[in-house]
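Written out below as structure tokens is the structure these notes cover.
Sequential numbering from 1 along the given sequence is applied to the chain's residues. For the numbers below, each heavy atom of this structure counts, side chains included, while hydrogens, waters and symmetry mates do not.
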Amino acid sequence: MAALVVLFNLKDENARDAYEKWAKETDVPTASSMASVDSFKVFKLGNIMGTENNSPYQYCEVLEINDMAKLGEEVGAETMQKVAAQFQSFADNPMFIISEQIA
């Protein structure tokens with residue numbers, strides 16, 4: 001199984017509540033409805049374990065993908081393009097990392 005891991009900070013720290021509301025009400029339900037997505041979770045990141053240091057990223061999204069080619073097709077749909085544009089308005093230079101489960 002593949003996963004898409006997205007690490008990012010918000011462009012505007014004051015937008016935290018708006019982003020989290022949007023993620024719960026729009027992003028997760030819309031992306032989860034794609035046939036290529038088995039699950040989609042959003043995490044607010046905290047301290048680095050064993051330290052008082054904050055994570056270099058505020059948020060992490062993890063999408064479990066059952067078909068990467070299908071995902072490529074589905075993200076091109078008008079609805080997903082709209083959601084992606086909304087995401088980009090919140091996220092400051094997000095990193096999209098394709099990963100593969102090994103165990």
Side-chain angles (χ1 to χ4, degrees):
M1 166 135 345
L4 179 61
V5 177
V6 186
L7 299 171
F8 63 97
N9 293 314
L10 297 177
K11 290 179 180 177
D12 179 359
E13 183 63 33
N14 296 320
R16 186 187 72 215
D17 291 342
Y19 164 72
E20 291 181 9
K21 181 178 191 291
W22 173 82
K24 292 173 190 172
E25 295 177 1
T26 301
D27 193 22
V28 172
T30 304
S32 294
S33 72
M34 292 190 295
S36 60
V37 176
D38 285 342
S39 74
F40 181 15
K41 297 178 181 168
V42 180
F43 300 90
K44 185 185 330 186
L45 303 178
N47 289 351
I48 297 172
M49 188 172 184
T51 75
E52 296 294 318
N53 300 328
N54 289 330
S55 165
Y57 296 100
Q58 295 169 314
Y59 293 93
C60 175
E61 296 183 346
V62 180
L63 295 89
E64 290 186 345
I65 309 298
N66 59 52
D67 186 333
M68 289 300 288
K70 180 78 172 166
L71 176 68
E73 295 170 14
E74 291 180 318
V75 297
E78 184 178 341
T79 300
M80 280 310 302
Q81 287 297 303
K82 182 178 174 183
V83 169
Q86 292 168 345
F87 174 74
Q88 290 294 336
S89 74
F90 286 112
D92 183 22
N93 196 28
M95 290 191 347
F96 295 81
I97 305 166
I98 298 171
S99 62
E100 181 179 338
Q101 184 174 348
I102 60 168

Backbone of [Y] reached by a side-chain donor or acceptor of [X] within 3.5 Å:
{"X": "N66", "Y": "A35", "answer": "yes"}
{"X": "N47", "Y": "M49", "answer": "no"}
{"X": "S99", "Y": "A3", "answer": "yes"}
{"X": "T30", "Y": "D27", "answer": "no"}

State plainly whether one hydrophobic cluster holds both [X] and [Y], where clusters connect Ile, Leu, Val, Met, Phe, Trp and Tyr through side-chain heavy atoms under 4.5 angstrom apart.
{"X": "V6", "Y": "V37", "answer": "yes"}
{"X": "Y57", "Y": "V42", "answer": "no"}
{"X": "V75", "Y": "M68", "answer": "yes"}
{"X": "F87", "Y": "I98", "answer": "yes"}
{"X": "F8", "Y": "L45", "answer": "no"}

Does a side chain donor of either D92 or N9 reach within less than 3.5 Å of an acceptor in the other side chain? no
Consider only side-chain N and O atoms of Q101 and E64, and report whether a donor and an acceptor are under 3.5 Å apart.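 The criterion, which ignores hydrogens and geometry beyond distance, is not satisfied for E64 and Q101.
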What are the two closest heavy atoms between [X] and [Y], and how far apart are they?
{"X": "Q88", "Y": "K11", "answer": "O-NZ, 2.8 Å"}
{"X": "A15", "Y": "L10", "answer": "C-CD1, 4.2 Å"}
{"X": "A23", "Y": "P29", "answer": "O-CD, 3.9 Å"}
{"X": "A69", "Y": "D67", "answer": "N-OD1, 3.1 Å"}

When rounded to the nearest 0.5 angstrom, what is the spacing between [atom1] in [X] and [atom2] in [Y]?
{"X": "Y19", "Y": "F90", "atom1": "OH", "atom2": "CZ", "result": "8.5 Å"}
{"X": "M1", "Y": "D38", "atom1": "CE", "atom2": "CG", "result": "4.5 Å"}
{"X": "E61", "Y": "L4", "atom1": "CD", "atom2": "CG", "result": "8.5 Å"}
{"X": "T26", "Y": "Q86", "atom1": "OG1", "atom2": "CD", "result": "6.0 Å"}
{"X": "S32", "Y": "L63", "atom1": "OG", "atom2": "CG", "result": "7.5 Å"}
{"X": "W22", "Y": "D17", "atom1": "CH2", "atom2": "CG", "result": "15.0 Å"}

What I want to find out is whether E20 reaches K44 closely enough, with some N-O distance under 4.0 Å, to be called a salt bridge. yes
Output, in order, the C-alpha distance, side-chain angles, deciding distance and verdict of side chain to side chain contact (heavy atoms under 4.5 Å, CB included) for Q58 and R16. CA-CA 10 Å; Q58 295 169 314; R16 186 187 72 215; over 6 Å; no
For side chain to side chain contact (heavy atoms under 4.5 Å, CB included), just list the numbers for F43 and V62, CA-CA rounded to whole Å, side-chain angles, deciding distance to a tenth of an Å, and then say yes or no. CA-CA 8 Å; F43 300 90; V62 180; 4.0 Å; yes
